[in-house]
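Read through the structure below, which is laid out as structure tokens, and then see the notes.
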Amino acid sequence: MTRVVLSALTSHWWRNPVQLFTLLAGLALATALWSGVQAINAEARASYDAAAATLGEAQFDQLVASDGGVIAQDTYIALRRAGWLVSPVVEGRLQGVRVVGLEPLTAPGGLGPVTLSEGAGIGAFLSGPGQLFGRAEVLEALDDTGADLIVANDVAPGTAITDIGLAQRLLGQEGAVNRLLVAPVQPLIQRPLSEVAPDLSRRAAEGGSDVGRLTDSFHLNLTAFGLLSFAVGIFIVNGAIGLAFEERRSMVRTLRALGVPLGRLMALIVAELLAFALLAGVIGVGIGYLIAAALLPDVAATLRGLYGADVGGTLSLRPVWWLSGLAIAVGGTGLAAGAALYRLWRMPLLASAQPRAWAMAAGQGRLWQAALAALLLVIAAGLTLWGEGLAAGFGLLAALLIGAALALPVVLDLVLGLGERLSRPGLVQWFWADTRQQLPGLSLALMALLLAMAANVGVSTMVSSFRLTFTGFLDQRLASELYVSAADDAKAEALVSFVTPRVRAVLPLISVDRTVAGLPAELYAARDDATYRDNWQFLEAVTDPWDRLARGEGVLVNEQLFRRAGLRLGDSVAVATDTALPIVGVYGDYGNPVGQVILTEALFRTLYPDIAPLRFGLRLPPEDVADLRSTLRDDFGLAEGAMINQAAIKAFSLEVFDRTFTVTTALNVLTLAVAAFAILMSLLTLAALRVPQLAPVWALGLTRKALGRFEVARAILLAVLTTLMALPLGLALAWVLLAVVNVEAFGWRLPMFLFPGDYARLTLFALGAALLAALWPARKLARTPPAALLKVFSNER
Amino acid sequence: MLLTVDHLTKTYPGAEGPVTVLRDISLALGQGETLALTGESGSGKSTLLHLIGGLDTPDGGAIVIEGQDIARLEDSGRAALRRSVVGVVFQQFNLIPSLRVVDNIAFQARLAGIYDADGAAALANRMGLTPHLAKYPEQLSGGQQQRVAIARTLVARPRLVLADEPTGNLDEATADEVMDLMLELVAESGAALMMVTHSGRLAARLGRRLHLRAGAVVEGGA
């Protein structure tokens with residue numbers, strides 16, 4: 001019996017291939033966009049984790065020099081003798097590669113991702129020319145080191161692992177290490193750190209990668225986009241399943257009347273859906289892989305440029321990822337089919353056939369839908385006013401989007417009803433009334449379009465606002481025309497003496513890490529100079545912040561510290577053991593995960609006399625930068641790598657942003673394409689159901705061509721009305737992302753800017769998509785044979 | 001006795017309280033007998049047919065088919081009965097629109113696991129359906145669709161055929177043609193037939209007649 005029933009059930013799809021295609025394509029597209037984004041995120045996170053495993057920050061406590069400098073190897077030996085189970089780490093950059101030197105015999109985590117069986121064993125690692133482990137592209141850059149190069153793909157991108165001795169030699173750091181990893185289990189008796197190495201301080205394991213947190217904002221945005229795209233796809237699937245189930249209601253009744261038990265029938269329908277979900281899931285995961293592979297190089301470049309996070313440019317097929325892709329396809333099908341399955345389960349066997357009952361039922365449920373939409377929008381308003389925390393932020397997003405989507409058909413019904421009442425009786429009035437009648441069948445597609453457009457407006461507003469803010473932030477932060485650095489204090493002094501007569505101002509860049517208001521923070525010194533006074537803008541400040549700062553009467557803090565510590569202007573913060581100063585200004589510090597405090601240079605040098613600046617910003621006319629670089633290189637002997645041109649950094653940053661835009665633009669276009677597909681499929685499906693409604697109008701004298709034109713006009717009208725609602729919704733979405741979610745998640749708020757040109761372009765795109773989607777069904781309708789229209793009037797159908 | 005209905009009652013919820021559709025109906029039908037159920041619209045004849053077919057459940061009384069009280073059966077038990085013992089012919093044909101005529105004819109027999117391709121082909125031929133076997137139901141006229149529905153029922157060799165106004169959607173000539181064929185084939189199969197009809201002329205062609213009014217038997221009861 002199972003085979004017979006299954007053949008009957010599946011015969012529906014073979015007779016309605018467009019419906020089957022809609023279902024599979026909708027589900028595959030939804031899965032593709034979701035799993036594509038997840039693949040990118042998973043690849044990036046795996047890279048961060050590999051980096052964290054290599055550097056050991058995540059798992060182990062560390063000893064670091066309190067002044068931020070290097071640790072003498074003798075100190076390491078003294079600690080070992082005093083019973084401390086510590087292991088040295090040397091790290092630095094060589095030809096763009098992060099070289100990490102580890103000591104395999106004492107390192108608590110071994111060599112991170114490297115196993116020595118991959119090479120010639122521990123002997124070769126420690127002796128001879130030494131070995132460097134890394135990815136092939138990384139090792140290429142190090143082929144002149146003389147060491148054996150061994151490809152190990154588990155090593156973090158952009159990183160090479162080697163023995164500590166070789167690392168010291170390559171980095172020119174003989175006799176010094178950068179930090180010491182503390183083994184989790186230590187002897188019961190050991191001399192205190194303050195006695196053995198008073199200059200070192202212990203830093204607790206971070207429990208996750210730092211860079212992972214840094215880039216969370218970026219990944220959060222991608223995930224939100226993936227989720228919205230998935231939701232749009234699920235709307236298509238829901239529409240397709242709803243219609244298919246409605247059309248199969250009579251078949252289900254017949255099957256039951258012929259003796260198929262309800263339980264068996266439902267089980268087979270679920271099995272059929274499961275098979276479709278798995279098939280579409282496999283296709284979706286495949287397309288998702290292609291999307292991710294196409295976008296990953298841009299994402300990797302963005303992450304490297306913005307956050308210094310190295311992410312491999314190639315994609316791995318992780319079982320967790322494709323299994324989760326299949327799971328989301330199955331879950332999405334369940335979500336989309338749940339209500340339809342329930343209705344089928346509860347359907348009385350003898351219920352009479354209701355043509356277009358699916359659409360009618362949607363109409364009957366409008367009151368409930370309106371009530372639910374109103375409730376969700378009230379919840380959204382409540383969360384805006386009183387909600388706190390990230391969960392409330394996401395709750396607000398969900399309530400706002402779902403509430404608005406549910407409200408759309410209700411609003412459209414009211415507007416179309418108004419149009420009908422205000423129009424002159426006749427053809428125009430029929431057009432409004434007929435459009436209103438189509439609403440239930442088109443609602444889901446229009447809701448998908450609403451969400452897709454709102455997501456586009458919201459996310460592009462957020463990204464563009466971010467770009468604008470970040471560009472301004474770069475102008476503020478990178479005001480100096482040239483940045484130079486010296487290797488040590490003596491060279492720094494000589495450098496200052498050399499450049500001082502050649503530039504307008506020399507601005508030292510000097511900082512120390514310190515806990516401020518209970519949070520980790522960086523303390524920076526600022527010289528009283530027009531550079532700061534002219535370029536820096538405050539989010540909040542007293543009337544004369546720079547004067548008070550210059551007099552040593554106050555400090556400036558970044559937004560992160562200000563918000564996280566719950567500070568207010570005028571509150572005092574401790575900048576040294578016995579020194580606390582009031583806050584006189586708060587500045588935006590986008591992308592920085594830790595707090596920052598700025599005090600005047602004079603006070604900084606008094607409080608921290610041992611810390612001397614090694615980096616300097618130089619102010620000079622931009623046209624003189626090239627000459628000064630040559631002079632510094634030729635006459636002073638400063639290496640090219642020790643000079644950074646501000647214009648180059650800005651150009652690079654903007655290039656990074658444009659690559660970021662490549663990713664968001666691609667996702668924008670894909671989401672809108674999915675929505676356009678939803679409209680096309682809804683119109684195509686409705687076209688078949690439209691014949692009985694259009695036949696009387698045709699019989700009364702309207703040509704089939706005119707009917708086709710009306711169909712196009714109807715699609716455009718509905719798209720325009722949906723767009724009018726999508727724009728404010730998108731702006732609300734952007735506001736929630738910028739002012740609520742970002743603040744709760746990362747501690748800083750981005751100002752919101754409007755981009756009318758972008759919105760106009762998007763509107764045209766959406767209308768174009770609706771027009772294209774309407775053309776095919778309209779053409780089909782315009783070519784409906786008169787015999788098909790006449791059949792409507794025949795009793796012998 | 002193939003079928004015994006004993007003191008059957010059925011009510012439906014109405015706007016002003018429960019409405020009794022069938023009250024204290026009793027009847028009996030033996031192997032090979034034919035019975036017409038007549039009555040005005042709303043008299044309860046279709047409801048009675050649906051209850052006997054296990055498509056709905058009674059509120060009181062018993063329906064015993066081949067010794068089994070179907071009122072006491074679960075959905076799966078009633079479904080099994082419809083597969084093996086009872087065959088229903090509907091006024092609206094209720095063909096499966098996505099299956100070809102040949103598969104629609106074979107469908108119920110396949111469900112029951114007794115499909116005989118030669119027998120089905122012979123029956124289709126007798127009913128004039130051979131030229132239409134590869135078509136879909138929507139490509140047939142109403143009379144042709146009803147023939148397919150009757151063939152689907154008879155191929156499964158039921159012992160009790162229930163027909164709910166099987167010619168209600170057909171013109172008089174076609175109705176007569178379909179009726180002749182159905183009576184002939186039912187008689188050949190040895191099955192019993194219970195048919196709902198508005199037509200006194202058609203009812204007269206069956207062995208017995210049961211007339212209902214307002215849910216009660218007024219003529220021809222057990």
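Letters go in sequence order (proteins before strands), and every chain restarts at 1. From a predicted model like this one, the values you see are computed outputs, not experimental measurements.
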Cut-off 4.5 Å, heavy atoms of chain A, and the answer for B/F107 is both

Contacting moiety of A/R256, where chain B heavy atoms sit under 4.5 Å:
both

Heavy-atom pairs under 4.5 Å with chain B: which of A/R3, A/M1, A/M251, A/R264 has the most?
A/M1

Does any part of the side chain of B/L212, heavy atoms only, come nearer than 4.5 Å to the side chain of B/V217, both counted from C-beta?
yes

Heavy atoms, side chains only, cut-off 4.5 Å: are A/R15 and B/P97 in contact?
no

Under 4.5 Å from any heavy atom of chain A, what part of B/I96 do you find: side chain, backbone, both or neither?
side chain

Which one, B/R152, B/R82, B/R78, leads in non-hydrogen pairs under 4.5 Å with chain A?
B/R82

Does one side chain, of B/S141 or B/Q144, offer a donor that lies under 3.5 Å from an acceptor on the other?
yes

Partner chain A: residue of B/S84, B/A80, B/A79, B/G113 with the largest heavy-atom pair count (under 4.5 Å)
B/A79

Go through B/S189 and B/R157 one step at a time and tell me if the side chain to side chain donor-acceptor pair (under 3.5 Å) criterion holds.
CA-CA 7 Å; B/S189 71; B/R157 298 196 293 273; over 6 Å; no

Distance col, row B/E66:CD vs B/L160:CG, nearest 0.5 angstrom, shows 9.0 Å

